[in-house]
Chemist: 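Can you keep this structure in mind? I'll have questions shortly.
Note that these values count all heavy atoms, side chains included, but never hydrogens, waters or copies made by symmetry.
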Number of protein chains: 2
Amino acid sequence: MTIKNLPPCPVEVTLSLIGNRWKCLILRDLLSGTKRFGELKKSVEGITQKVLTSNLREMEANNLLVRRVYAEVPPRVEYTLTKTGMSLRPILEAMFVWGSEYKEKNQA
Amino acid sequence: MTIKNLPPCPVEVTLSLIGNRWKCLILRDLLSGTKRFGELKKSVEGITQKVLTSNLREMEANNLLVRRVYAEVPPRVEYTLTKTGMSLRPILEAMFVWGSEYKEKNQA
DNA sequence: CGGGATCCTAGACGATACTG
DNA sequence: CAGTATCGTCTAGGATCCCG
């Protein structure tokens with residue numbers, strides 16, 4: 001998926017950028033602020049480093065987040081949402097709200 | 001994914017039910033009202049009947065839609081969102097809004 | 001028309017080892 | 001610590017055929 005040549009339907013545009021489980025969860029965890037690679041690996045339950053890396057790279061390429069490398073030993077790499085990435089918050093919030101209500105109804 | 005035993009995080013709950021491209025698109029097309037199988041197959045661009053069927057079955061099992069079969073020849077099968085399915089509208093709307101803005105910025 | 005049954009493939013994902 | 005590299009697995013999805 002190039003950053004150009006987007007689908008005609010806006011919903012599909014969104015799906016092409018965050019239309020997978022992992023990206024949504026990464027997004028969820030970065031909305032509260034900058035995080036290191038290792039922190040994300042812990043908070044995004046069940047993800048492997050390979051998959052985490054590839055998803056982060058794609059999101060970086062799509063301008064949803066920035067990757068900042070610090071020349072230290074041991075190395076430190078931090079990920080921060082861009083303004084564009086931050087603007088996805090309403091979607092995640094809607095998902096949070098709906099999920100909460102669904103849980104309440106179907107599990108309580 | 002059983003309807004019980006939901007993930008702790010509400011966002012993950014939502015993802016477990018509509019966390020794939022096809023379900024979101026099916027949802028998008030059913031929000032405007034009841035549709036027949038063949039109509040969905042056309043409007044959900046690129047989906048095969050097998051994948052459409054399996055996704056519809058899962059969404060039915062999760063109580064997001066109802067399947068109504070009419071004893072006619074040729075057969076007619078209609079799909080309608082339940083109240084729960086309808087309640088996902090805000091998520092899809094948020095995706096629509098974000099996708100529109102992203103397109104405008106990155107393609108215009 | 002709306003599937004079910006079958007077979008097959010690509011790509012997503014996991015596991016492990018290695019490194020600057 | 002945060003990766004890259006390699007290999008293996010597995011399943012979502014595609015293609016095709018058939019049927020009530």
Side-chain angles (χ1 to χ4, degrees), chain A residues 1-2 5 7 11-12 14-30 33-62 64-81, chain B residues 1-2 7 12 14-30 33-62 64-81:
Chain A
M1 175 61 56
T2 325
N5 193 21
V11 174
E12 291 192 60
T14 303
L15 286 172
S16 71
L17 295 178
I18 55 159
N20 95 47
R21 162 179 199 73
W22 296 127
K23 283 177 188 166
C24 285
L25 296 178
I26 291 169
L27 209 52
R28 174 196 66 185
D29 294 336
L30 285 182
T34 297
K35 282 207 166 52
R36 299 182 58 163
F37 184 85
E39 292 180 284
L40 281 174
K41 180 142 173 14
K42 264 171 221 147
S43 64
V44 181
E45 188 97 8
I47 200 169
T48 61
Q49 77 277 61
K50 183 177 123 182
V51 175
L52 178 55
T53 300
S54 78
N55 276 283
L56 286 170
R57 292 289 191 278
E58 288 177 19
M59 294 172 76
E60 189 189 9
N62 289 331
L64 297 182
L65 54 79
V66 252
R67 177 174 183 263
R68 208 165 298 126
V69 186
Y70 295 86
E72 302 176 357
V73 177
R76 180 160 56 109
V77 180
E78 289 182 348
Y79 295 90
T80 309
L81 291 185
Chain B
M1 173 60 56
T2 325
E12 290 192 61
T14 304
L15 286 173
S16 72
L17 295 179
I18 55 158
N20 95 46
R21 161 180 200 71
W22 298 126
K23 283 177 189 166
C24 286
L25 295 178
I26 291 169
L27 209 52
R28 174 197 65 185
D29 293 338
L30 285 182
T34 297
K35 281 207 166 53
R36 299 181 58 163
F37 184 85
E39 292 181 285
L40 280 173
K41 178 141 175 15
K42 266 171 219 146
S43 65
V44 180
E45 187 98 9
I47 199 168
T48 61
Q49 77 277 64
K50 181 178 127 181
V51 175
L52 178 55
T53 300
S54 78
N55 276 283
L56 286 170
R57 293 287 190 278
E58 288 177 20
M59 292 172 77
E60 188 188 9
N62 290 331
L64 297 182
L65 54 81
V66 247
R67 177 175 184 262
R68 208 166 298 128
V69 185
Y70 295 86
E72 303 176 357
V73 177
R76 181 160 55 109
V77 181
E78 290 182 347
Y79 295 90
T80 310
L81 290 185

Chemist: Please tell me whether N55(A) and N20(A) have a donor and an acceptor in their side chains that are separated by less than 3.5 angstrom.
Modeler: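 Looking only at side-chain atoms, N20(A) and N55(A) do form a donor-acceptor pair, the distance falling under 3.5 Å.
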Chemist: Which is more 5' along DNA chain D, the nucleotide nearest P74(A) or the one nearest T53(A)? Just name the residue.
Modeler: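 In this pair, the answer is P74(A).
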Chemist: Taking NZ from K50(A) and C1' from dA17(C), how many angstroms apart are they, rounded to a whole number?
Modeler: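 Checked: the NZ to C1' distance equals 13 Å.
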Chemist: Roughly how many Å is it from NZ in K41(B) to C1' in dA15(D), rounded to a whole number?
Modeler: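 Between C1' of dA15(D) and NZ of K41(B): 12 Å.
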Chemist: Tell me the interatomic distance from L25(B), atom CG, to dA12(D), atom P, rounded to whole angstroms.
Modeler: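 Answer to the nearest Å: 18 Å.
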Chemist: Between N62(A) (side chain only) and L64(A) (backbone N and O only), is there a donor and an acceptor less than 3.5 Å apart?
Modeler: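 Not at all, since once roles are kept as given, no pair shorter than 3.5 Å links the two residues.
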Chemist: Does the K41(A) side chain pair with the main chain of L52(A), one donor and one acceptor, at a distance under 3.5 Å?
Modeler: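 Flag not set: sc K41(A) to bb L52(A) has no pair under 3.5 Å.
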Chemist: Is R68(A) close enough to dA2(D) that one of its side-chain N or O atoms is under 4.0 Å from OP1 or OP2 there?
Modeler: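 Checking R68(A) against dA2(D): no side-chain N or O falls below 4.0 Å of OP1 or OP2.
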Chemist: Looking for any heavy atom pair under 4.0 Å, which part of the strands does Y79(B) touch: base, sugar-phosphate only, or nothing?
Modeler: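 Here Y79(B) touches the backbone only, sparing every base.
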Chemist: So which nucleotide from dC17(D), dC1(D), dC13(C) ends up closest to the side chain of R36(A)?
Modeler: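 Of the options given, the side chain of R36(A) lies nearest dC1(D).
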Chemist: Would you say R21(A) places a side-chain N or O within less than 4.0 Å of OP1 or OP2 belonging to dA12(C)?
Modeler: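 No, no such contact exists.
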Chemist: So, for I18(B) and C24(B), which heavy atoms are closest and what is the spacing to 0.1 Å?
Modeler: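 Closest pair (atom of I18(B), atom of C24(B), distance): O-SG, 3.4 Å.
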Chemist: Does L56(B) or T48(A) map to a spot on DNA chain C nearer the 5' end, using the closest nucleotide for each?
Modeler: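 That would be L56(B).
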Chemist: Would you please confirm or rule out a distance under 4.0 Å between OP1 or OP2 of dG3(D) and any side-chain N or O of R76(A)?
Modeler: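 So the side chain of R76(A) is outside the cut-off, no N or O lying under 4.0 Å from OP1 or OP2 of dG3(D).
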Chemist: Let's see if you can work this out: which of dT16(C), dG4(C), dG2(C) has an atom nearest to the side-chain heavy atoms of Q49(B)?
Modeler: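 Selected nucleotide (nearest to the side chain): dG4(C).
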Chemist: Roughly how many Å is it from CZ in R67(A) to P in dC1(D), rounded to a whole number?
Modeler: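 About 16 Å, once rounded to whole Å.
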Chemist: Taking atom P of dC13(C) as reference, at what distance in whole Å does atom CH2 of W22(A) sit?
Modeler: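 One finds 7 Å between P of dC13(C) and CH2 of W22(A), rounded.
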Chemist: Within a radius of less than 6.0 Å around CD of E45(A), do more than 12 heavy atoms belonging to other residues, nucleotides or ligands occur?
Modeler: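 No, not enclosed.
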Chemist: Nearest whole Å is fine: how far is dG3(D) P from E39(A) CD?
Modeler: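 My rounded result for the distance is 13 Å.
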Chemist: Without decimals, in angstroms, what is the distance between I47(A) CD1 and dA15(C) P?
Modeler: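 About 13 Å, once rounded to whole Å.
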Chemist: Measure the distance from CG on N55(A) to P on dT4(D) and round it to the nearest whole Å.
Modeler: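 My rounded result for the distance is 13 Å.
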Chemist: Side chain of P75(B): nearest nucleotide among dG3(C), dG14(C), dG2(C)?
Modeler: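 Output: dG2(C).
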